[in-house]
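As structure tokens, the structure follows; a few thoughts come after it.
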Amino acid sequence: ISPGKYMKVEKLDSGITLGKVWRVKFEDLTEEIERVDWDFNQPVLTVQALDRTVRVEGAYFAGAYKHDLYWANVCLYEDFGAGTFTGYGQWLITW
């Protein structure tokens, strides 16, 4: 598996928002497992860096498999079922 092949990062215009903002998209399948659809929506996250905090927002998710969403070793969302979800959570991670 090539690093970054199944993930995309797009810098967003933060406008008047403080901090830097990115849209982070993942593909849940790999060519080694199954035919890949390359839609990069498992999940789509909006990530904002603020001082010593990162805000992660669940923007969109569409998938046919069960998923867990982790940020490092922190489980943000457990047991996504099959389906489509929008605005499914917001988490603040401080270090």
Side-chain angles (χ1 to χ4, degrees):
I1 297 174
S2 303
K5 184 174 182 179
Y6 301 100
M7 177 182 149
K8 290 184 178 182
V9 178
E10 304 166 351
K11 188 169 191 291
L12 300 179
D13 179 13
S14 58
I16 61 171
T17 305
L18 297 175
K20 296 180 179 176
V21 183
W22 297 271
R23 174 82 26 96
V24 183
K25 302 175 176 185
F26 297 90
E27 178 55 50
D28 66 340
L29 300 174
T30 66
E31 294 165 301
E32 294 81 7
I33 297 172
E34 194 172 317
R35 185 169 175 234
V36 181
D37 56 13
W38 302 111
D39 56 7
F40 290 93
N41 61 7
Q42 295 94 14
V44 177
L45 306 173
T46 302
V47 178
Q48 181 179 15
L50 304 164
D51 198 22
R52 294 183 52 82
T53 303
V54 173
R55 178 182 299 150
V56 179
E57 296 180 16
Y60 185 82
F61 175 91
Y65 299 99
K66 189 174 183 179
H67 296 74
D68 294 334
L69 176 60
Y70 279 83
W71 183 275
N73 63 345
V74 177
C75 183
L76 301 179
Y77 198 103
E78 192 172 17
D79 293 336
F80 272 108
T84 301
F85 306 89
T86 58
Y88 53 85
Q90 180 175 337
W91 305 272
L92 295 175
I93 301 156
T94 303
W95 66 90

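Please read these numbers as outputs of a predicted model, since none were measured by experiment.
- You'll find the side chain of Leu50 reaches within 4.5 Å of the side chain of Arg55, heavy atoms only.
- Summarising the geometry of Pro43 relative to Leu69, their closest heavy-atom pair is CG-CD1, 4.0 Å, with the distance given to 0.1 Å.
- Here CG of Leu92 is found 9.0 Å from CD of Glu57. Values are rounded to the nearest 0.5 Å.
- Applying the salt bridge (charged side-chain N to carboxylate O under 4.0 Å, His left out) test to residues at least two apart or on different chains, the pairs with a partner in residues 75-95 are Lys66-Asp79.
- Expressed to the nearest 0.5 Å, how far CD of Gln48 lies from OG1 of Thr53 amounts to 10.0 Å.
- Note that the CG atom of Asn41 and the OG1 atom of Thr86 stand 12.0 Å from one another [nearest 0.5 Å].
- Rounding to the nearest 0.5 angstrom, the gap separating the CD atom in Glu10 from the CZ atom in Phe40 is 10.0 Å.
- Counting heavy atoms from C-beta outward, Val21 and Thr46 have side chains that approach closer than 4.5 Å.
- Taking hydrophobic clusters as Ile, Leu, Val, Met, Phe, Trp and Tyr residues chained together by side-chain heavy-atom distances below 4.5 Å, Tyr70 does not share a cluster with Ile93.
- With sequence neighbours excluded, no residue forms a salt bridge (Lys or Arg N to Asp or Glu O under 4.0 Å) with Asp68.
- Evaluation of the side chain to side chain contact (heavy atoms under 4.5 Å, CB included) rule for Asp37 yields Glu27, Asp39, Gln42 as partners, not counting sequence neighbours.
- The backbone N or O of Leu76 lies less than 3.5 Å from a partner atom in the side chain of Trp91, making a donor-acceptor pair.
- Under the 4.5 Å side-chain heavy-atom criterion for Ile, Leu, Val, Met, Phe, Trp and Tyr, Val74 and Tyr88 are members of the same hydrophobic cluster.
- Cluster partners of Val44, by chain and number: Tyr60. The rule joins Ile, Leu, Val, Met, Phe, Trp and Tyr whenever side-chain heavy atoms lie under 4.5 Å apart.
- The cluster map of Ile, Leu, Val, Met, Phe, Trp and Tyr, joined by side-chain heavy atoms under 4.5 Å apart, puts Trp71 and Val24 in the same cluster.
- Qualifying ring-ring contact (aromatic ring centres under 6.0 Å, His included) partners for Phe85, counting only residues two or more places apart in sequence or in other chains: Phe61, Phe80.
- Close placement of the Trp38 and Tyr6 rings is indicated, their centers lying within 6.0 Å of each other.
- Of all non-hydrogen atoms in Leu45 and Gly58, the two that sit nearest each other are CD2-CA, 4.1 Å.
- Separating the CH2 atom in Trp22 from the NZ atom in Lys11 is a distance of 7.0 Å, to the nearest 0.5 Å.
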